[in-house]
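To keep things clear, I will list the structure first and then write my remarks on it.
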Amino acid sequence: MSGVIQLVYFAVAVVFILGLKAMSSPVTARKGIVWAGYAMIAATLVTFYTPGMQNYGLMITAIVLGGGVAWWSGRVVKMTDMPQMVAIYNGMGGGAAAAIAALEFARGGSHGAIATTLAVLGALIGSVAFSGSCIAFAKLQGIMTKAWRLPAQNMVNLGLAALAVVLGLVIVVVETPPSAIVIAFFIVALALGAILTSPIGGADMPVVISLLNAFTGLAVGLEGYVLGNPALIVAGIVVGASGTLLTQLMAKAMNRPIRNIIFTPITGEAAGGGEAIEGSMKELSALDAASVMRYAGKVIIVPGYGMAVAGAQHKVWEMAQLLEEGGVEVVFAIHPVAGRMPGHMNVLLAEAGVPYDKIFDLEEINADFPQADVALVIGANDVVNPVARTDKSSPIYGMPILNVDMAHNVIVVKRGQGAGYSGIENALFYKDNCRMLYGSAQQIIGEVITHVKALEV
């Protein structure tokens, strides 16, 4: 029976990996999600047949409660709130891995030096992922409105990390460590995750969510080894590896090393430097915006978090379809770190029904901006800020941006005149070829649609 279970676990792992592979293409992504989901369901069911398994009542209760909460939240959470849901789900995975280690420590007995070491590592990484994800959730949900930074923040981080390592070594070396040591270890690890994440501003949050996801995967993989569960090992390590790769790609897209994102985050306070911006913002009406786009040859739409907050993706696609019916070429440009989680804008546009062949990433679309008659920016800020190319004193200097300022005309939909989420003033808004269209994206794009229809008559 044990051999059959191991074989099923192996098959489940293969299907899970194939599911993740399918997610790399928009065409097969939905199937990939289904395959990976069924694989994890199968792995859960096989657990019931593991020799020595007795707590069926607790297992069923946990599955019903966890599955019920997940189903309900997946149904009611708005797409604009998806980043914080992803963050808290990541945290739950890390917390579960830490809880497994805590239970093993509480049982006592010898697990062997290797297993105990991996359990300690999984507990440390899982605890950091859990508390860090809770802070990320609080920031994205608006519960924490400011970046919170301690004096000598990095020294505190290093001190807590060193203390957690020392306490972890005690747990590994001592066959039955005192409860006080185990409790202190988890308190320090949880504090480390919270303090690491608290200073990080919204501009860096997509990278942080990806990094915490990688932490969770690694923690689950380590605890899978402790439990002797191949499905957890494979799933955890695959998620950890893919999350790490995604984090590196996003950090590259910002031209910032991961260590800078963690230890030197961009916050409103940190973004006060930079050269003074001359000129003034110039406003235009919805009618003027509709006229400019209706008689353009090519329009590039750049969506940002402002579109997500307003839930305007359906209106934006409706407007794009009207323009296309009038002979205008319309495409969408996505920056890798636009929004509040990896792929946030892609998910929103897909939800609205925008075809995949109309969505281009930074490297694919940047050369087209000089030939575009209009670049329409909807709620994006830092990813279109030209100071990233010109101002060496700016915190975002060197970050690859969408070359929106090179279009013949730039229209920016923005709720107000404030700085972006990172606190950095955007020089694009003051350029001669840029006009501001103030208001909620949902309302403003609706007005533009009305005027475009009137121009068709």
Below 4.5 Å, heavy atoms only, C-beta onward: do [X] and [Y] meet side chain to side chain?
X	Y	result
Leu362	Pro400	yes
Leu428	Val410	yes
Val384	Ile401	no
Ile334	Leu349	yes
Phe369	Leu402	yes

Partners meeting side-chain contact (heavy atoms from CB on, under 4.5 Å) with [X] (sequence neighbours left out):
X	answer
Ser242	none
Met250	Pro206, Val207, Ser210, Leu246, Val337, Pro342
Asn213	Asn90, Val239
Ala380	Val302, Val377, Val383

Heavy atoms only: give me the nearest Phe130-Gly91 pair and the separation to one decimal.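 Heavy atoms of Phe130 and Gly91 come nearest at CD1-O, 3.2 Å.
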For the residue pair Glu364 and Ile359, what are the closest heavy atoms and their distance?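 Heavy atoms only, the tightest pair is OE1-O, 4.4 Å.
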Under the rule for salt bridge (charged side-chain N to carboxylate O under 4.0 Å, His left out), what residues qualify as partners of Lys31, not counting sequence neighbours?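 Salt bridge (charged side-chain N to carboxylate O under 4.0 Å, His left out) list for Lys31, sorted by chain: empty.
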Check residues 179-186 and write down every donor-acceptor pair under 3.5 Å in which the side-chain atom is one partner and the other belongs to a residue at least two apart or another chain.
none

Take Cys434 and Asp405, measure what side chain to side chain contact (heavy atoms under 4.5 Å, CB included) needs, and give me the verdict at the end. CA-CA 8 Å; Cys434 181; Asp405 57 313; over 6 Å; no
Partner residues of [X] under the side chain to side chain donor-acceptor pair (under 3.5 Å) criterion, sequence neighbours left out:
X	value
Glu351	Gln313
Gln141	Gln84
Asn403	Arg389
Ser73	Tyr89

Under a 3.5 Å distance rule, please check whether Asp361 uses its side chain to pair with a backbone N or O of Pro336 as donor and acceptor.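 Looks like no, no N/O pair under 3.5 Å.
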Side chain Glu104, main chain Val226, donor-acceptor under 3.5 Å: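 Not confirmed, Glu104 side chain does not pair with Val226 backbone.
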Nearest-0.5 Å distance, CE of residue Met40 to CZ of residue Phe16: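 These two atoms lie 5.5 Å from each other.
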Out of curiosity, Leu348 CG to Trp317 CH2, how far, rounded to the nearest 0.5 Å?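 The distance works out to 15.0 Å.
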Pairs flagged by side chain to side chain donor-acceptor pair (under 3.5 Å) wherever residues 62-71 is involved - sequence neighbours left out: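 Applying side chain to side chain donor-acceptor pair (under 3.5 Å) to every pair that reaches into residues 62-71, excluding sequence neighbours, yields nothing.
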Could you give me the CA-CA distance, side-chain angles and deciding distance for Thr28 and Lys21, then say whether side chain to side chain contact (heavy atoms under 4.5 Å, CB included) is met? CA-CA 9 Å; Thr28 59; Lys21 173 62 177 176; over 6 Å; no
